[in-house]
S.K.: 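Next up is a structure, given as structure tokens.
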Amino acid sequence: MKKFRFGQAAVYVVLGLALIPVLFPIYYGFVGAVMGPGDLATYPPALVPHELYWQNITDVFRSVPLGRFYVNSAVQAGAITVAQIVTSILAAYAFAFLRLPAKAATFALFLATLMVPWEAIIIPNYLAISGWGLARGGLTYLGLMLPFLASAFGTFLLRQAFLQFPTELRDAAVIDGCGHWRLLWRVIVPLSKPSIAAVGVYVFLSAWNQYFWPLILIRDSEYQTLQIGISQLNDAEAAQPGLVLAGVALSLLPTLAVVLFGQRYIVRGLTAGALR
């Protein structure tokens, strides 16, 4: 039987206390979604509903076209995720294994783009996308995705994972007749699934939670994403906080599912290149 360690117990206590302010907004979002007007109007606020009030959720679907917003966000986030995974894999392979002129300097310049804040380039992106006519009609989907089809973060993470492959394994594949394309897709990619999954989860969460870019780009309400759509609940029904919380809770469901099922891939992927 392991001896009780006071230091270890103290660490768990501190971590547990730090977890409360992180989880409380999520908890109250879901609990508030099924609270009645009486519970939400009490002071101090009720932390547990006296009775489940499901009308908040049904009213959300009547107030805004939530299903359409879900489809728009799923198309945007899914396409961005697939595109960034593919471009990150190809770029990471090139930076890891190909002999390129000034490869180190090019990679450093590539990583420097991570230091450029999105706010500094949003106006040039908006002018370009609008000038190409990608802010109206069905082309709005393309306008939402185009600035995010490649990522320096994903390339960096996968490059570090690819560099962990034993040289003997690559040499054996080359001797067996594998070219670059076959080596990448038949050997390296199958063995890098945790890192690729980590990139996919990170990209999907970032794309799903986008707010500012869809807000300034989308002109047709038919193509509004979920984050923009649920903000209409606050504008139209400011006197019904339960309705707003119900919309927020419904928008959180996909992200929570991705985090819960992809957590182990995130940890394994982010630590894949930590040791050599």
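Fair warning: this is a prediction, and the values are worked out from it, not measured in the lab.
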S.K.: Minimum heavy-atom separation for Trp208 and Ser251, please, with both atom names.
M.R.: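 Looking at all heavy atoms of both residues, the closest pair is NE1-O, 3.3 Å.
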S.K.: Is the closest side-chain heavy-atom distance between Val75 and Met145 below 4.5 Å?
M.R.: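 They are in side-chain contact.
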S.K.: Locate the shortest heavy-atom distance separating Asn72 from Gln224; write the atom from each residue and the value.
M.R.: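 Asn72 and Gln224 have their closest heavy atoms at ND2-O, 2.8 Å.
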S.K.: Is it true that atom CZ of Arg186 has more than 12 heavy atoms of other residues, nucleotides or ligands lying nearer than 6.0 Å?
M.R.: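 Open: at most 12 neighbouring heavy atoms sit under 6.0 Å from CZ of Arg186.
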S.K.: Are Gln55 and Pro37 close enough that some pair of their side-chain heavy atoms sits under 4.5 Å apart?
M.R.: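 No, their side chains stay 4.5 Å or more apart.
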S.K.: Using 0.5 Å steps for rounding, measure from the OH atom of Tyr223 to the CG atom of Leu139.
M.R.: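 Rounded to the nearest 0.5 Å, the OH-CG separation comes to 8.5 Å.
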S.K.: Leu98 vs His180, test: side-chain contact (heavy atoms from CB on, under 4.5 Å). Steps then yes/no.
M.R.: CA-CA 9 Å; Leu98 298 186; His180 289 298; 3.3 Å; yes
S.K.: State, yes or no, whether a side-chain contact exists between Leu47 and Phe24 at a heavy-atom distance under 4.5 Å.
M.R.: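 Counting from C-beta outward, Leu47 and Phe24 do come under 4.5 Å.
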S.K.: For the pair Tyr126 and Trp213, name the ring-plane relationship: parallel under 30°, tilted 30 to 60°, perpendicular over 60°.
M.R.: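 Aromatic pair Tyr126/Trp213 classed perpendicular.
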S.K.: Parallel, tilted or perpendicular for Phe107 and Phe156, by the 30°/60° rule?
M.R.: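 Parallel, since the angle between the ring planes stays under 30°.
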S.K.: Does Phe165 have its ring centroid less than 6.0 Å away from the ring centroid of Phe97?
M.R.: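 No, ring centres 6.0 Å or more apart.
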S.K.: Would you say the ring centroid of Tyr93 lies under 6.0 angstrom from that of Trp185?
M.R.: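 Between Trp185 and Tyr93, which both carry aromatic rings, the centre distance is not below 6.0 Å.
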S.K.: Using a 4.5 Å cut-off on heavy atoms from C-beta on, say whether the side chain of Tyr202 contacts that of Leu157.
M.R.: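 When only atoms from C-beta onward are counted, Tyr202 and Leu157 do not touch, as no gap falls below 4.5 Å.
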S.K.: List the steps and the verdict of side-chain contact (heavy atoms from CB on, under 4.5 Å) for Val82 and Phe204.
M.R.: CA-CA 9 Å; Val82 173; Phe204 180 84; over 6 Å; no
S.K.: Going by the rule salt bridge (Lys or Arg N to Asp or Glu O under 4.0 Å), which residues pair with Arg68 if we only count those two or more places apart in sequence or in a different chain?
M.R.: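 Arg68: salt bridge (Lys or Arg N to Asp or Glu O under 4.0 Å) contacts with Glu222.
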S.K.: Holding to salt bridge (Lys or Arg N to Asp or Glu O under 4.0 Å), I want the full list of residues that pass it with Arg62, two or more places apart in sequence or in another chain.
M.R.: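 So Arg62 forms a salt bridge (Lys or Arg N to Asp or Glu O under 4.0 Å) with Asp59.
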S.K.: Which value, rounded to the nearest 0.5 Å, describes the distance between Ser151 atom OG and Ile85 atom CD1?
M.R.: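 Answer rounded to 0.5 Å: 11.0 Å.
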S.K.: Kindly indicate whether the side chain of Val199, heavy atoms from C-beta on, has any atom under 4.5 Å from the side chain of Leu158.
M.R.: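 Yes, close enough: below the 4.5 Å cut-off.
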S.K.: Answer with yes or no whether the hydrophobic clustering places Leu109 together with Phe95; edges join I, L, V, M, F, W, Y residues whose side-chain heavy atoms lie under 4.5 Å apart.
M.R.: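 Looking at the clustering, Phe95 is in a separate group from Leu109.
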S.K.: Might you work through the side-chain contact (heavy atoms from CB on, under 4.5 Å) test for Leu226 and Leu250, ending with a clear yes or no?
M.R.: CA-CA 10 Å; Leu226 186 61; Leu250 290 172; over 6 Å; no
S.K.: Could you check whether any side-chain heavy atom of Val60 comes within less than 4.5 Å of a side-chain heavy atom of Leu243, counting everything from C-beta outward?
M.R.: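 SC-SC contact between Val60 and Leu243 confirmed.
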S.K.: Is it true that atom CH2 of Trp118 has more than 12 heavy atoms of other residues, nucleotides or ligands lying nearer than 6.0 Å?
M.R.: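 It does: Trp118 CH2 has more than 12 such atoms within range.
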S.K.: Does the side chain of Val203 reach to within under 4.5 Å of the side chain of Ile80, using non-hydrogen atoms?
M.R.: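 Val203 reaches Ile80 side chain to side chain.
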S.K.: Can you hop from Tyr211 to Ile123 via hydrophobic side chains spaced under 4.5 Å?
M.R.: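 Yes, one cluster joins them.
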S.K.: Write down the atom of Pro190, the atom of Leu184, and the distance for their closest heavy-atom approach.
M.R.: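 For Pro190 and Leu184, the tightest heavy-atom pair comes out as CD-O, 4.3 Å.
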S.K.: Taking the side chain as everything from C-beta on, heavy atoms only, tell me whether Ile230 gets closer than 4.5 Å to Phe69.
M.R.: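 Of all side-chain heavy-atom pairs linking Phe69 with Ile230, none is under 4.5 Å.
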S.K.: Among Ile, Leu, Val, Met, Phe, Trp and Tyr joined by side-chain contacts under 4.5 Å, find the other residues sharing a cluster with Val13 and list them by chain and number.
M.R.: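 Taking Ile, Leu, Val, Met, Phe, Trp and Tyr as members, Val13 shares its hydrophobic cluster with Leu17, Ile20.
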